[in-house]
Amino acid sequence: MVGRRHSVFKQILVGFDGSEQSRKAANTAISLAHCLDAKVLVLAVARPPEPATSVELEAVLDNAKEHFEAAFVPLRESAKNAEVEMETDIAVGHPAEQIIHRAEQSKMDLIVLGCRGTSTFHRWILGSVSEKVLRYAHCPVMVLR
Amino acid sequence: MQNVWVLAAVWVGLALIATLIAIWFKISTALSEIVVGTVAQLVIGAFLAKVNLGARTEWISFLAGTGAIVLTFLAGAELDPTIFRAKWKEATLVGLVGFFGPFLGCTAIAHFVLHWGMRQSWLAGVALSTTSVAVVYAVMLELGFNVTDFGKAILAACFINDLGTVIALGLIFSPFTVRTVIFVVVSVVVFAVLPFLTPRFFKKYGGRVSELEAKYILLLLFAMGGLAAWAGSEAVLPAYIIGMVLAGTVGKDHILIRRLRTLTFGLLTPFYFIRAGSFVSVPALAAAPLIFVVLFFAKMISKVVGLLPTVYAFKYQRNETLYYTLMMSTGLTFGTISALFGLNHQIISEAQYSFLVATVIGSAVVPTMIANAFFMPRHLLHKEVQSKEPNPQLATSPN
């Protein structure tokens, strides 16, 4: 109990994209929050196509909202079962930047991400979200494989 | 009959490839379809001599044209009337500057530097005057400015900018005859009546499996498009304005908008953008790349010179001003529509069309890259955005 009261990590942010790795990251964060008496914010980021074009952007955002809201349901259930206070939110933009920005803005103590396996080509063209977050985040980052 | 299905299979196959490319590289489907159309025509032309994609086949032209019309309608319907009513003064000023700056600048450059004829130069001015509402909106969502007064004004200004483009396209090249007067008069009456008639009609007969709402919208678009064509104008002009006047009613009906989007993206716009790409002549681009460079910088400079002081007057941070000015220098959809209009009406040649489309694509991609690399207001990542309200589009859900 003493450890829980003086826990370093009181607020945990999870980067979530609906993939299996991100669900694993979210569940890990919930378990961690349960042990540390911390709160969890699950942040999904809808990435607009580039360049964003008329009508397609709205369609992408609408679809993303539906997709993520459905994906949040089992996470909310897990958090409820673990008696962990959890919030969910959906941001728009580049995933790594939104995660970093939100972590700073909301004064998060820890960021938890899943590591999505991407090809060398994709990493070169699009970059790795977890690598960018690791590099620029203001707080500790946990990347799960 | 068999050839029709083979041709349809080829086109839908190309659309599928374009969609996969867009998914893999996280680029817009429109851009991907234009590039696929260009490459497909190049490859087919190289290996099969005189065989082409059949882009001038009547039914493909019809589907492509319908795609442009419905897409333009949906773009107009995205306008938020309450924001526009609140910010119409700033929006009109910035929007008109954003339109006239590149319109006149690019026309002058095309005529005096590239020695294009007058009509070709006007067309170049129209095609390069566009601003992408979607790009600006995406950036604002990212930075949380869509809920600020500044952001709302800029968004509304983008609609005014594109309205200027569409009106210029519809009126500059049409012969001013009695038909034009009839078209304008009928259009004004229709635009005035629609916001009252449409919701009442839908309330009485809508909400059924027979999709009455979609048929009604298509009837409007086809009828007004036909009237526009009869008057020598362009069908997208009434489509955009119909979208804007119905933005407060039909635009808020998400179910109807989703169905129209499915029809548009699933069937119509692939034909439009692939067709647009298939007319791009890569050899022409390769033969005179400097023309593309001149047009590209003409658009960028005229937008920046016109918009920078205007936007700066409303906002104080230099970095953000530059960022938004660069974002407003993009414009893929309406630029392509304008260029293709010019080609279809034989105002511009295939080579000129190729340069304009390349410039439009370049203006959609390059400013975004430059802005993100050098002018992204990164200071916002290190301090809270002042007066940031929760994004009404995407809800926060507590456990």
Side-chain angles (χ1 to χ4, degrees), chain A residues 30 39-66 68-69 72-73 75-80 82-95 97-98 100-107 119 121-122 125-126 136 138, chain B residues 22 24-32 70-72 74-75 77-78 132-144 146 162 254 257-258 260-262 264-265 269 330 332-334 361 364-365 367-369 372 376 378 380-385 388 390-391 393-399:
Chain A
I30 289 169
K39 295 179 189 173
V40 175
L41 168 63
V42 178
L43 181 68
V45 183
R47 184 172 188 161
E50 288 187 23
T53 48
S54 297
V55 187
E56 188 180 356
L57 173 66
E58 286 287 339
V60 165
L61 295 181
D62 281 349
N63 275 7
K65 186 181 175 191
E66 258 188 42
F68 288 133
E69 287 293 346
F72 285 156
V73 169
L75 297 184
R76 290 198 190 107
E77 205 52 48
S78 298
K80 194 175 168 186
E83 295 174 353
V84 167
E85 193 179 328
M86 188 183 88
E87 278 191 20
T88 57
D89 197 7
I90 306 172
V92 176
H94 296 95
E97 292 200 5
Q98 290 300 312
I100 294 165
H101 174 48
R102 189 57 181 269
E104 272 199 48
Q105 191 189 32
S106 303
K107 296 179 174 53
S119 66
F121 180 69
H122 273 118
I125 292 288
L126 299 171
Y136 295 109
H138 79 288
Chain B
W24 290 333
F25 294 103
K26 306 226 183 329
I27 59 174
S28 72
T29 316
L31 179 61
S32 178
V70 181
L71 186 67
T72 312
L74 289 171
E78 286 182 346
S132 175
V133 174
V135 167
V136 174
Y137 185 51
V139 166
M140 289 197 172
L141 281 175
E142 191 167 354
L143 299 177
N146 56 303
D162 282 347
H254 291 294
I257 293 295
R258 287 199 101 164
L260 289 174
R261 277 188 205 150
T262 303
T264 306
F265 288 116
T269 50
T330 62
L332 183 63
T333 307
F334 282 99
I361 289 174
V365 172
T368 309
M369 287 166 55
N372 283 338
M376 177 77 170
R378 292 196 189 281
L380 288 172
L381 296 179
H382 299 290
K383 70 178 183 203
E384 288 182 25
V385 173
K388 180 175 177 179
N391 189 333
Q393 276 248 333
L394 304 159
T396 300
S397 306
N399 182 21

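Protein chains get the first letters and strands the later ones, always in sequence-line order, with residue 1 at the start of each.
Contact detail for A:Leu57 and B:Ala134: the closest heavy-atom pair is CD2-O, 3.2 Å. A pairwise comparison of heavy atoms in A:Val55 and B:Glu78 identifies CA-OE2, 3.0 Å as the closest pair. The minimum heavy-atom distance linking B:Ala30 with A:Thr53 is given by the pair CB-CG2, 4.2 Å.
With a 4.5 angstrom heavy-atom cutoff, B:Thr333 touches chain A only via side-chain atoms. If you measure heavy-atom distances from B:Leu74 to chain A, the contacts under 4.5 Å come from both the backbone and the side chain. Residue B:Leu332 touches chain A through its side chain alone, counting heavy-atom pairs closer than 4.5 Å.
Note that NE2 of B:His254 is 8.5 Å distant from CD of A:Glu58, once rounded to the nearest 0.5 Å. Between the CG atom in A:Leu61 and the CG atom in B:Leu141 there is a gap of 6.0 Å [rounded to 0.5 Å].
Within 6.0 Å of atom NE2 in A:His138, more than 12 heavy atoms from other residues, nucleotides or ligands are found, so the atom counts as buried in its surroundings.
Annotation: maximal heavy-atom pairing with chain B below 4.5 Å, among A:Ala64, A:Ser106, A:Gly93, A:Pro48, occurs at A:Gly93.
Remark: side-chain polar atoms of A:Glu56 are paired, donor with acceptor, to backbone N or O of B:Thr29 under 3.5 angstrom.
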